[in-house]
Protein chains: 2
Amino acid sequence: MRSEELSLIRELPLFAGVTNTTFDKLVRASYLQFFPPHVRLVNEGDPADFLYVVVEGCLELFAEANGHDTTVALVRPPSSFILAAVLTDSTYLLSARTLEKSRLLLIPAENIRQAMDSDTAFTHAIVHDMAWAYRTIVKSHKNHKLRSTIERLANYLLSEEKIQNGQGRITLPHDKRTLASLLGMTPENLSRAFGTLRQYQVEINGREVHLNSLEDLRALAKPTPLIDDAEM
Amino acid sequence: MRSEELSLIRELPLFAGVTNTTFDKLVRASYLQFFPPHVRLVNEGDPADFLYVVVEGCLELFAEANGHDTTVALVRPPSSFILAAVLTDSTYLLSARTLEKSRLLLIPAENIRQAMDSDTAFTHAIVHDMAWAYRTIVKSHKNHKLRSTIERLANYLLSEEKIQNGQGRITLPHDKRTLASLLGMTPENLSRAFGTLRQYQVEINGREVHLNSLEDLRALAKPTPLIDDAEM
DNA sequence: CCATCATCTTGACATTTGTCAATTCAGCCG
DNA sequence: CGGCTGAATTGACAAATGTCAAGATGATGG
């Protein structure tokens, strides 16, 4: 592992405040690897052998049932995923695949548990990671139970606008199939929802989206920090 | 606080393995109180001043938006709630109200954080509680995104049957309004869904439900441990 | 530059779910 | 016992969302 990579990983929230000893032990036991796009890395139901950390790229967490699948979350650096399965020493509840070429750190579950026993700062970092992940999915759950598909799309666009800070001009970071699945709708319906948003001054051209009236869009979306704020 | 109550609380998963010193400090700073039914205790958006532990009774966690509300979870003893808000020192994402007369332990957030700094066993208990809560809501999220309302109801009935161990005969623990909201549907639709289930040998009489063919119901529900198992 | 493949879009239609209003039902209190 | 209240059910209808099939579009490689 090169030193620039090491320092990148050292800065991850998961390692905030941990001792160098703990960090060295964890990293020595881990694997840092590139994976090509569209590779399935985790299968729901399998025992949780590793904690994954996204160092670069983008991962999709999804679940399957009845021949359908649905996207539960998209994970970008710097963030771990499937932490809860590792902590409870049980099976993964979600599957994961790369959306793009991605660099991941794989930390053996056993080493995570050992580090928790010996380094309180690490345990604290774990607690924060878990709490953050929990709040994120609670928000997503509220988003789905309280809003229509069009409202979810409108809020998604407003969130992206804030993230990309694009002065009302954003680029969709994923293909529309994936976006539709994340928003809990079919691709056909996503197309129609974009059509409906035209009357709110939303112009779409491939992945380029122009939000010509943030006011109009906000009036429709009614965003609230209790669902839409990213916090951190 | 009486000694029988104390020992009940001492047995909570949240306090598993913590030192007597930590436990005493926490309990001395806390309030153990009865609350009547239908009392709102927590408002989403308010700063997280307390961690709540359900010692007796039943709590409903819900969220509001656009004049609607939806039930996110029902909490029974022994379980804490809104732990994540306390750990991140932020605002509650969910509101809470009693469904029945309930006894709650209110632990000041500040004391939780202090105890985490001084007692590693407590931190570990917190980690497990969080991980369990996270997995629970991930399952709920999958339940909603991957299943129809009837499938959700069918699986709910099967889960209750397992919990109540009723040989195909169960009693709904809540009124149907609440059940409908938990399952993400309207009360009218819940009625109709019960009607549909008649052809799967489900008889309903007030809150008494007879599942006369678990096989038929399972064929419809297609339960999976990755959504429906309670684990712990 | 064309052929090809995948993605996206559109239209017609089916299904699911919600809404509103009316009615029934059950518990409770005087 | 009667009447009140809230919960639950039912029916008729509307709206939201999904499905299937057909085209359009856009990127890619020979």
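A, B, ... follow the sequence lines: proteins, then strands. Residue 1 opens every chain.
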Under 3.5 Å, which protein N or O atoms sit close to an N or O of nucleotides 9-11 of chain C? Give each pair with its distance.
| residue | atom | partner | partner atom | Å |
| --- | --- | --- | --- | --- |
| C/dT9 | OP1 | A/Lys176 | NZ | 2.9 |
| C/dT9 | OP2 | A/Ser191 | OG | 2.6 |
| C/dT9 | O5' | A/Ser191 | OG | 3.2 |
| C/dG11 | N7 | A/Arg192 | NH2 | 2.7 |
| C/dG11 | O6 | A/Arg192 | NH2 | 2.9 |

Would you call B/Arg40 and B/Glu64 a salt bridge, using N to O less than 4.0 angstrom?
yes
Checking B/His144 now: which residues fulfil ring-ring contact (aromatic ring centres under 6.0 Å, His included) with it, not counting sequence neighbours?
A/His141
Within 45° of the axis and under 6.0 Å from the centre of the six-membered ring of A/Phe35, does NZ or CZ of A/Lys101 qualify?
no
Rounded distance (Å) that lies between atom C1' of C/dT7 and atom CG of A/Leu179
14 Å
Under 3.5 Å, N/O pairs linking protein and nucleotides 23-28 of chain C:
none

DNA chain C-proximal residues of residues 139-150 of chain B, any heavy atom under 4.0 Å:
B/Ser148, B/Thr149
Check against side chain to side chain contact (heavy atoms under 4.5 Å, CB included), B/Lys139 and B/Leu226
CA-CA 7 Å; B/Lys139 287 173 191 166; B/Leu226 298 176; over 6 Å; no
With B/Arg192, which residues qualify under side-chain hydrogen bond (donor to acceptor under 3.5 Å, both in side chains), at least two apart?
none
ring-ring contact (aromatic ring centres under 6.0 Å, His included): which pairs involve residues 159-180 of chain A, sequence neighbours left out?
none
Is the shortest distance from a Lys or Arg side-chain nitrogen in B/Glu151 or B/Lys222 to a carboxylate oxygen in the other one below 4.0 Å?
yes
B/Met185 has an atom CE; how far is it from atom C1' of C/dT16, in whole Å?
11 Å
Distance check needed: C/dT16 P versus B/Leu153 CG, whole Å only.
15 Å
Between which nucleotides of DNA chain D, 5' to 3', does chain A make heavy-atom contacts below 4.0 Å?
D/dT17 to D/dC20
Run B/Leu106 and B/Val53 through side chain to side chain contact (heavy atoms under 4.5 Å, CB included) and show every step you take.
CA-CA 7 Å; B/Leu106 283 68; B/Val53 181; over 6 Å; no
As a quick check of understanding, evaluate salt bridge (charged side-chain N to carboxylate O under 4.0 Å, His left out) for A/Arg147 and A/Asp228, giving each step before the final call.
CA-CA 12 Å; A/Arg147 287 174 171 160; A/Asp228 306 292; 2.8 Å; yes
In this structure, CG of B/Leu182 is separated from OG of B/Ser140 (nearest 0.5 Å) by 7.0 Å
Which pairs count as salt bridge (Lys or Arg N to Asp or Glu O under 4.0 Å) when at least one residue sits in residues 167-189 of chain B, sequence neighbours excluded?
B/Arg169-B/Glu208
Residue pairs passing the side chain to side chain donor-acceptor pair (under 3.5 Å) test where at least one lies in residues 46-62 of chain B, sequence neighbours excluded
B/Glu56-B/Arg103, B/Glu60-B/Thr71, B/Glu60-B/Arg97
Which angle, to the nearest 10 degrees, lies between the helix axes at the two ends of the helix from C/dC1-D/dG30 to C/dG30-D/dC1, each defined by five pairs?
30°
Taking salt bridge (charged side-chain N to carboxylate O under 4.0 Å, His left out) as the definition, give me every residue that meets it alongside B/Arg135, ordered by chain and number, with sequence neighbours left out.
B/Glu231
Please tell me if the side chains of A/Leu87 and B/His128 come closer than 4.5 Å, counting only heavy atoms from C-beta onward.
no
Which pairs with one or both residues in residues 73-83 of chain B pass side chain to side chain donor-acceptor pair (under 3.5 Å), sequence neighbours excluded?
B/Ser80-B/Asp129
